[in-house]
Structures are given as structure tokens and as C-alpha cells.
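Input: a single structure, listed below in C-alpha cells.
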Amino acid sequence: QVHLVESGGGWVQLGGSLRLSCAAFGSIFTIYAMGWYRQAPGNQRELVATTTSGDNPNYSDSVKGRFTISRDNAKNTVYLQMNSLSPEDTAVYYCNQRGLYGLDRNHFDAWGQGTPVTVSS
């Protein structure tokens, strides 16, 4: 009932910046949690950043101070601003949103399709 569409990935040089976006579509009642995850080649998927409807951002130590998670509630969209990028940030980035949808307020836990980010030195 709810699906996510990601955009903004690409390639940049060391020290560059990218801004990812993730919009949710469906009969959404509320979104109470949003997050970004990434998976590098040969590695497991790891948490990058999360936030809540009450604006409670949390970051992985590896991105703290460089990445910023934010949201536009009117557009059901979450963003990830990535600055001072390094080759270690190269991965496929996945968006996650959780909330309630429909007249019955059913729970949803939706994932985006993934968008690749490549950082070259």
C-alpha cells in the first residue's frame, strides 16, 4: 500500500557533496520514523541515520558531523545531505519509512529501491 521512490545518487570526487531524497506514496495516515541505510560491495547493510516525527536525529559515528537527515512532512519526504564525502562512503543507499496507512491505520514498513553513491579519490 505504501512505496518509496529515491533519487539524488551519483558520483562525486573526494570532499564533494550529494543530497538524497526519498518520497513516500500511498494512503498515508502518519509517518513516525524515517531512516537511511547503505550497503557497500561485499558488506552487510548498515544504518546511516534515523529520525522521528518529533525530530530526533541519530547518526552512525562514521557520518556524524558530515551527514544531515531532514524531512518535509507535507511531501512525505526524507532527505540525506552528505558533505565531505570520502571513498569509504561508496555504497548503495536505501531509504526506510515506517508509519500508519489507510482508514484502518495499518502499520507499514517500506523500503526504497536503492540509489548508488560513488566517491572517487
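Please read all numbers here as calculations on a predicted model, not as lab measurements. In what follows, residues are counted from 1 in the order of the sequence shown. In what follows, every heavy atom counts, from backbone to side chain, and hydrogens, waters and symmetry copies are set aside.
Contact record, Glu6 with Cys95: OE2-N, 2.7 Å, taken as the closest heavy-atom pair. Considering all non-hydrogen atoms of both residues, Asn83 and Ser17 come closest at OD1-OG, 2.9 Å. Nearest heavy-atom pair, Leu47 versus Thr50, reported as atom, atom and distance to 0.1 Å: CD1-CG2, 3.6 Å. The nearest pair of heavy atoms linking Ser121 to Pro87 is CB-CG, 4.2 Å. The minimum heavy-atom distance linking Leu80 with Ala49 is given by the pair CD1-CB, 4.3 Å. In terms of heavy atoms, Thr90 sits closest to Pro41 at O-CD, 4.5 Å.
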- Message: The test is side-chain contact (heavy atoms from CB on, under 4.5 Å); show your working for Asp109 and Asn96 and say whether it passes.
- Response: CA-CA 7 Å; Asp109 185 350; Asn96 173 246; 2.7 Å; yes
- Task: Apply side-chain contact (heavy atoms from CB on, under 4.5 Å) to the pair Gln97 and Leu4, showing each step before the final yes or no.
- Result: CA-CA 8 Å; Gln97 299 195 38; Leu4 310 182; 3.9 Å; yes
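Note on ring orientation: taking the six-membered ring where Trp is involved, the planes of Tyr32 and His107 are parallel (angle under 30°, cut-offs 30° and 60°).
Note on Tyr59: it clusters hydrophobically with Val78, by side-chain heavy-atom contacts below 4.5 Å among ILVMFWY residues. Linking Ile, Leu, Val, Met, Phe, Trp and Tyr residues whenever their side-chain heavy atoms come within less than 4.5 Å leaves Val119 and Tyr94 in two separate clusters. Trp111 and Val117 fall into different hydrophobic clusters, defined by Ile, Leu, Val, Met, Phe, Trp and Tyr side-chain heavy atoms under 4.5 Å apart, directly or through other members. Residues Tyr79 and Leu85 fall into different hydrophobic clusters, defined by Ile, Leu, Val, Met, Phe, Trp and Tyr side chains chained together at heavy-atom separations under 4.5 Å. Both Tyr37 and Val92 belong to a common hydrophobic cluster when Ile, Leu, Val, Met, Phe, Trp and Tyr are linked at side-chain heavy-atom distances under 4.5 angstrom.
Of the inter-residue distances, the one linking Thr118 atom OG1 with Asp89 atom CG reads 11.0 Å to the nearest 0.5 angstrom. Here Gln39 contributes atom CD and Gln44 contributes atom CD; the two are 6.5 Å apart, rounded to the nearest 0.5 Å. The line from CG of Leu100 to CZ of Phe29 is 7.0 Å long, rounded to the nearest 0.5 Å. The distance from the CG atom of Asn58 to the CG atom of Asn56 is 5.0 Å, given to the nearest 0.5 Å. Separating the CD1 atom in Ile31 from the CE atom in Met34 is a distance of 4.5 Å, to the nearest 0.5 Å. The OH atom of Tyr101 lies 9.5 Å from the OG atom of Ser27; values are rounded to the nearest 0.5 Å.
At most 12 non-hydrogen atoms from other residues, nucleotides or ligands lie less than 6.0 angstrom from CD of Gln1. Around atom CZ of Arg66, more than 12 heavy atoms belonging to other residues, nucleotides or ligands sit under 6.0 Å away.
In this model, a donor atom of one side chain and an acceptor atom of the other lie less than 3.5 Å apart for Ser7 and Ser21. Between the side chains of Arg38 and Tyr93, at least one donor N or O lies within less than 3.5 Å of an accepting N or O.
Applying side chain to side chain donor-acceptor pair (under 3.5 Å) to Arg71 and the options Asp55, Asn76, Thr77 leaves one that passes, Asp55.
With a 6.0 Å cutoff to the six-membered ring centre and a 45° limit on the axis angle, Arg98 does not count as a cation-pi contact of Phe108.
Remark: the backbone N or O of Ala74 is paired with a side-chain donor or acceptor of Asp72 at under 3.5 angstrom.
A ring-centre distance under 6.0 Å is not found for Trp36 and Phe67.
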